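Read the structure below first, then the notes.
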Amino acid sequence: MKKALITGVLGQDGPYLAKYLLKKGYKVYGMVPRRLNLNFYNTDYLGITNKIEFVLGDMTDEASLINIIRNTWPDEIYNLAAQSFVGASWDQPKLTTETNALGPLYLLNVIRNFTPNTKFYQASTSEMFGNNGRELQDENAPFAPQSPYGISKLYAYWIANNYVESYGLFCCNGILFNHESPLRGQDFVTRKISEGVAKIKLGLADKITLGNLEAERDWGFAGDYVEAMFKMMQQKKPGNYVVATGKKYSVKDFLETAFNCAGIKNWKKHIIINPTYKRPAEIHGLRGNASRARKELKWKPKVKFRELVAMMVDADLKRLNEKKK
Ligand code: NAP
Ligand code: GDD
């Protein structure tokens with residue numbers, strides 16, 4: 001039986017990936033940091049909490065990572081743990097860097113020293129492209145990150161590539177564009193909108209407070225994207241792959257579609273713009289070209305933009321309705 005270790009297993013992507021790997025017959029270890037109240041909502045939502053073996057560890061604590069890997073001896077490590085909220089990375093740049101840049105370095109050193117055959121997946125991001133002046137990004141596009149988050153992720157991207165070159169490790173960077181789901185953290189704009197719209201529909205709120213509505217993103221479904229993670233780890237040679245839909249929409253488009261899915265007219269009257277949600281440096285638009293993934297991994301996204309928005313609004317309506325009972 002193959003063994004996988006997923007860091008960040010209780011976030012958005014972790015549970016989808018864990019479910020996918022469990023279905024493939026993997027033994028799944030899920031690394032969780034020590035928290036006062038660990039939140040198992042996302043693994044419960046997918047019905048897999050009791051199928052994962054949880055192990056306690058922190059990306060900023062090298063010793064904990066050494067212990068975990070030497071105790072579990074995984075065939076594959078999917079490094080999804082991160083301080084992943086771009087906005088917060090200006091408030092906590094050191095924590096963001098320690099978690100997102102040094103954490104992967106620690107993991108790579110454990111692999112290099114103790115389990116050199118373990119394959120390593122690094123959760124890289126379209127944020128690394130930043131505002132590079134290009135309209136469409138592929139694996140060869142230049143990097144121009146705009147946030148402490150993007151910069152921390154760029155370090156991890158390069159160190160993973162460097163350990164392939166230097167030590168022959170098997171490391172893949174999945175350069176994933178924004179992907180969303182009902183399990184998305186509530187701070188991210190799509191979930192903030194789907195939850196806000198559901199509350200307005202149920203009479204629990206009247207307004208959603210947001211920042212820059214003009215920003216454009218290439219939004220896909222997290223459940224589709226974890227398949228690409230797995231597929232790149234099964235290739236003969238390690239590689240870096242852009243994972244994206246190739247279509248981009250603005251925050252405004254997302255809002256309009258979400259209100260429309262809930263059957264609410266005049267969406268603009270429900271929006272408040274608050275500059276505190278604007279960022280010190282913004283990435284205006286991101287759109288990815290996933291041709292390499294399509295060709296080599298035979299991967300393509302299944303869920304379309306409107307289906308994704310509807311899925312998120314419906315899930316929030318259902319959840320809030322159940323809470324009301
Ligand atoms: P997420 O929901 O924020 O999940 C990240 C997980 O990492 C959380 O469960 C978090 O736990 C945990 N974590 C944070 N600091 C940690 C630490 N020091 N030690 C151990 N665990 C820690 O992120 P996601 O959306 O699933 O994304 C997964 C990965 O892909 C992240 O690395 C993200 O940066 C990257 N990525 C995401 C997207 C996207 O659109 N979703 C796109 C490109 C790349 P707490 O919440 O308890 O802190
Ligand atoms: N979060 C948030 N909250 N964003 C807002 C708001 C708001 O109230 N109002 C407007 N936005 C805009 C942001 O300025 C940004 O341009 C866009 O909505 C998307 O913001 P997020 O949903 O926070 O996502 P992100 O694109 O910054 O980062 C996500 O995607 C990256 C991949 O490109 C995260 O998942 C990152 O971890 C990931 O790497």
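Values reported hereafter were calculated over all heavy atoms of this structure, with side chains retained and with hydrogens, waters and symmetry mates removed. As the structure is a prediction and not an experimental result, all values here were calculated from the model. All ligand and atom numbering here is 1-based and tracks the order in the structure.
In terms of polar-atom proximity, Gly211 is counted as a contact of ligand 2, with an N or O under 3.5 Å from an N or O of the ligand. Ligand 2 has a nitrogen or oxygen under 3.5 angstrom from a nitrogen or oxygen of Thr125. Residue-to-ligand polar distances place Arg184 within reach of ligand 1: an N/O pair is separated by less than 3.5 Å. At under 3.5 Å, not a single nitrogen or oxygen of Phe188, backbone or side chain, sits near a nitrogen or oxygen of ligand 2. Considering backbone and side-chain N/O atoms, Gly11 comes within less than 3.5 Å of an N/O atom of ligand 1. Of the polar atoms of Gln12, at least one N or O is found under 3.5 Å from an N or O of ligand 1, judged by distance alone. Taking any N or O of Arg217, backbone or side chain, at least one lies under 3.5 Å from an N or O belonging to ligand 2. Residue contacts with ligand 2: Tyr149 is placed with a nitrogen or oxygen under 3.5 Å of a nitrogen or oxygen of the ligand (distance criterion only).
Under a 4.0 Å heavy-atom criterion, Tyr149 is in contact with ligand 1. Using a 4.0 Å heavy-atom cutoff, Gly103 is absent from the residues neighbouring ligand 1. In this structure, Lys153 is part of the shell of residues with a heavy atom less than 4.0 angstrom from ligand 1. Ligand 1 has Asp58 within reach: a non-hydrogen atom of the residue lies less than 4.0 Å from it. Residue contacts with ligand 2 include Arg184, since one or more of its heavy atoms lies under 4.0 Å from the ligand.
For the pair Thr190 and Leu308, the minimum side-chain heavy-atom distance is 4.5 Å or more.
For ligand 2, the atoms lying closer than 4.0 Å to a non-hydrogen atom of Ser126 are 32 (C), 33 (O). Contact atoms of ligand 1 toward Leu176: 42 (C), 43 (C) (distance under 4.0 Å to a heavy atom of the residue). Atoms of ligand 1 found under 4.0 Å from any heavy atom of Asn178, numbered from 1 in the order shown, are 40 (O). Set against the non-hydrogen atoms of Ala123, the atoms of ligand 1 under 4.0 Å away are 29 (C), 30 (O), 32 (O), 35 (C). Which parts of ligand 2 touch Ser84 is read off a 4.0 Å heavy-atom cut-off, strictly below it: atoms 34 (C), 36 (C), 37 (O). Heavy-atom proximity to Val86, at under 4.0 Å, picks out these atoms of ligand 2: 27 (O), 28 (O). Numbered from 1 in the order shown, with element, the atoms of ligand 1 that lie under 4.0 Å from a heavy atom of Thr125 read 43 (C), 44 (C). Set against the non-hydrogen atoms of Tyr277, the atoms of ligand 2 under 4.0 Å away are 8 (O).
Under 4.0 Å from ligand 2, the heavy atoms of Glu282 that appear belong solely to its side chain. The residue Glu127 has no part lying near ligand 1, judged by heavy-atom distances below 4.0 Å. Using a 4.0 Å cut-off between heavy atoms, Ser124 contacts ligand 1 through its backbone alone, with no side-chain atom that close. Residue contacts with ligand 1, taken as heavy atom pairs separated by less than 4.0 Å, involve Asp13 via backbone and side-chain atoms alike.
For Lys2 and Tyr26, the positive end is not near the middle of the six-membered ring at less than 6.0 Å and at most 45° from its axis.
Among protein heavy atoms, atom 29 (C) of ligand 1 sits closest to Leu80 O, 3.2 Å. Among all protein heavy atoms, the one lying closest to atom 16 (C) of ligand 1 is Thr99 CG2, 3.9 Å. Closest protein heavy atom to atom 19 (N) of ligand 1: Met59 N, 2.9 Å. Among protein heavy atoms, atom 3 (N) of ligand 2 sits closest to Asp187 O, 3.8 Å. Summary of contacts: the protein heavy atom closest to atom 37 (C) of ligand 1 is His179 CE1, 3.8 Å.
Ring pair Tyr20/Tyr78: centre-to-centre distance not below 6.0 Å.
Which of Gln83, Lys153, Gln146, Lys192 comes nearest to atom 7 (C) of ligand 2 through a heavy atom is settled by distance: it is Lys192.
Within a 6.0 Å radius of CZ in Arg306, more than 12 heavy atoms belonging to other residues, nucleotides or ligands are found.
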